[in-house]
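Structure record follows, encoded as structure tokens.
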Protein chains: 2
Amino acid sequence: MRSTTDAERRGWTQNPEAVQQDILTVALAEFAENGFSGARVDTIASRTQTSKRMIYYYFGDKLGLYTRALEAAYLRVRQGETQLELDHLAPQEALARLVAFTFDHHRANPDFIRMVMIENIHKARHLAESQVIRDLNEAAIDKLTEICRRGQDAGVFREGLDPAALHWQISAASFFNVSNRPTFSAIFGNALFEDDGQEAIRRQTVDAILAIACKPGVRDPENE
Amino acid sequence: MRSTTDAERRGWTQNPEAVQQDILTVALAEFAENGFSGARVDTIASRTQTSKRMIYYYFGDKLGLYTRALEAAYLRVRQGETQLELDHLAPQEALARLVAFTFDHHRANPDFIRMVMIENIHKARHLAESQVIRDLNEAAIDKLTEICRRGQDAGVFREGLDPAALHWQISAASFFNVSNRPTFSAIFGNALFEDDGQEAIRRQTVDAILAIACKPGVRDPENE
DNA sequence: GCCAAAATGTACCACGCGGTTCATTCCTTT
DNA sequence: AAAGGAATGAACCGCGTGGTACATTTTGGC
């Protein structure tokens with residue numbers, strides 16, 4: 001009997017990979033919830049099936065754990081992005097799809113958003129030092145760059161369109177929608193964050209991005 | 001001799017208002033820099049011309065100090081917004097001006113932005129409880145609402161335009177531009193945050209917002 | 001089966017940090 | 001001018017929290 005893989009095999013007492021994964025999952029949730037200094041190592045430990053001892057055994061110190069949790073957040077989210085296939089669509093349609101997808105994807109990953117918020121509070125100190133994350137983000141705007149090129153070749157997108165600036169716009173809307181929901185809804189009410197409001201905002205955002213990208217005359221006729 | 005006001009008169013040893021103001025200024029900077037749990041009361045005290053004792057004397061505890069600092073941040077920023085006069089401009093021009101102004105104003109007040117980021121991390125718990133801030137924000141989108149009404153009356157803005165949703169768009173761009181600069185520039189480089197890049201983004205943002213607001217045919221001809 | 005290394009449990013510690021106690025000085029009121 | 005409250009100073013304290021020492025068990029290699 002040895003039909004299972006290495007990782008699954010050890011279902012008994014000792015299981016390093018599972019323990020680390022367990023810790024990372026709990027840590028990510030705790031850091032995302034409370035920030036770096038707000039998070040308590042003891043709390044993380046208690047919500048784990050292992051002990052505080054093991055946290056320090058595997059991750060060295062609180063900062064080491066935080067860094068790994070941050071990387072885990074990026075990994076999970078970037079993985080979800082790879083599913084999107086846009087090559088078969090016309091440039092405008094592809095761009096619209098990408099914007100809508102990004103909007104929804106951010107919304108579906110609040111913990112990731114919160115980790116990035118926290119990193120920004122820390123001036124991106126840890127993110128900048130993580131080679132893992134830098135590698136991950138290499139290809140972050142590749143899809144968009146490709147769409148831009150195709151749109152320009154087809155003559156429907158403006159010349160001099162900057163993929164990075166466009167990505168900035170897409171990110172701004174998608175990120176803000178999650179990151180600032182608490183203050184925004186506390187001040188202006190929750191309507192925009194319920195289903196109807198979110199749909200309206202997403203449509204508005206798609207329209208705005210298309211307006212930026214498309215040549216003055218061109219605009220998609222079939223508005224679903 | 002009693003020509004000076006009450007506040008100015010006491011230039012001597014005892015001076016409650018000045019002490020509180022001193023503490024608040026330092027606290028705002030410290031909280032904006034390090035977040036609530038990251039901030040150290042001792043550090044705040046040491047950067048003050050008074051002592052830790054006085055912090056607790058006037059503000060009760062760390063949370064009380066934080067709340068007051070948050071309110072101070074809102075006060076300062078909202079004050080800067082009142083200067084803007086838009087009534088004499090055509091609706092499109094007024095909207096363009098408002099967007100550009102908001103963009104610049106956020107950029108000029110990073111501490112305020114950071115306090116709002118921190119509040120969002122805390123799910124806006126303290127902001128929601130502050131009557132001061134709720135009052136301040138009452139009139140936050142009045143200007144925009146007025147512009148929308150005028151634009152619709154003049155027939156240049158779309159019907160069914162939602163001022164709140166429009167404000168959302170303006171805020172998203174202006175806020176994200178400051179809040180996410182660290183991570184964004186760490187990943188994609190700093191070009192967009194230097195003078196040229198910022199000008200391009202601001203123009204792009206103004207265009208996008210106008211595209212949302214204006215009827216399909218209408219667009220401002222004089223693009224400065 | 002035995003040994004060394006990896007993995008884990010238990011108990012503990014040092015100290016940073018939010019908060020306080022007690023005493024003293026300032027300044028207004030009558 | 002005396003009183004009494006407001007304002008301030010200096011030293012102190014408890015404990016939450018990040019981190020560790022030491023002992024013990026598990027596991028893979030030979």
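Each chain gets a letter, A, B and so on, in the order the sequences are listed, and its residues count up from 1.
Separation of atoms CD (A/Gln169) and CG (A/Asp162) is listed at 10.5 Å; rounding is to 0.5 Å.
Electrostatic pairing of B/Arg202 and B/Glu199 does not count as a salt bridge here, judged by no charged N lying under 4.0 Å from a carboxylate O.
Remark: B/His126 engages B/Glu119 in a side-chain hydrogen bond (donor to acceptor under 3.5 Å, both in side chains) (not counting sequence neighbours).
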Can you check salt bridge (Lys or Arg N to Asp or Glu O under 4.0 Å) on B/Glu146 and B/Lys143, steps first, answer last? CA-CA 5 Å; B/Glu146 174 64 12; B/Lys143 280 200 184 73; over 6 Å; no
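A/Ile44 has its CD1 atom 11 Å from the P atom of D/dG19, to the nearest Å. Here C/dG18 presents its C1' atom at 14 Å from CD of B/Glu30, a figure rounded to the nearest Å. Rounded to a whole Å, the CD1 atom of A/Ile55 is 16 Å from the P atom of C/dA7. Rounded to an integer number of Å, the gap from A/Glu17 CD to C/dA7 P is 8 Å. D/dT20 atom P lies 10 Å from atom NZ of A/Lys52, rounded to whole Å. Regarding A/Ile23, its CD1 atom lies at a distance of 12 Å from the P atom of C/dA7, rounded to whole Å. Rounded to an integer number of Å, the gap from CG of B/Asp22 to C1' of D/dA7 is 15 Å. We find that CZ of A/Phe36 is positioned 14 Å from P of D/dT17, with the value rounded to whole Å.
Counting only distance, with no hydrogens or angles, the side chain of B/Arg107 and the backbone of B/Val178 share no donor-acceptor pair below 3.5 Å.
At C/dG9, one or more side-chain N or O atoms of A/Thr50 fall inside 4.0 Å of OP1 or OP2 (strictly under the cut-off). Contact check, A/Ser51 against C/dG9: a side-chain N or O comes under 4.0 Å of OP1 or OP2.
With 3.5 Å as the limit, one finds a donor-acceptor pair spanning the side chains of B/Asn120 and A/Thr183.
Shown here for A/Phe193 and A/Asn177, the closest heavy-atom pair between the two residues is CE2-O, 3.5 Å.
Counting any heavy atom pair closer than 4.0 Å across all strands shown, B/Arg40 reaches sugar-phosphate atoms only and no base atom. Looking at heavy-atom distances under 4.0 Å, B/Ala39 makes contact with sugar-phosphate atoms alone, never a base.
Against DNA chain D, the stretch residues 56-72 of chain B makes heavy-atom approaches under 4.0 Å through B/Tyr57, B/Tyr58.
Two residues, B/Asp42 and B/Arg53, neighbour DNA chain C, and the one matched to the more 5' nucleotide by heavy-atom proximity is B/Asp42.
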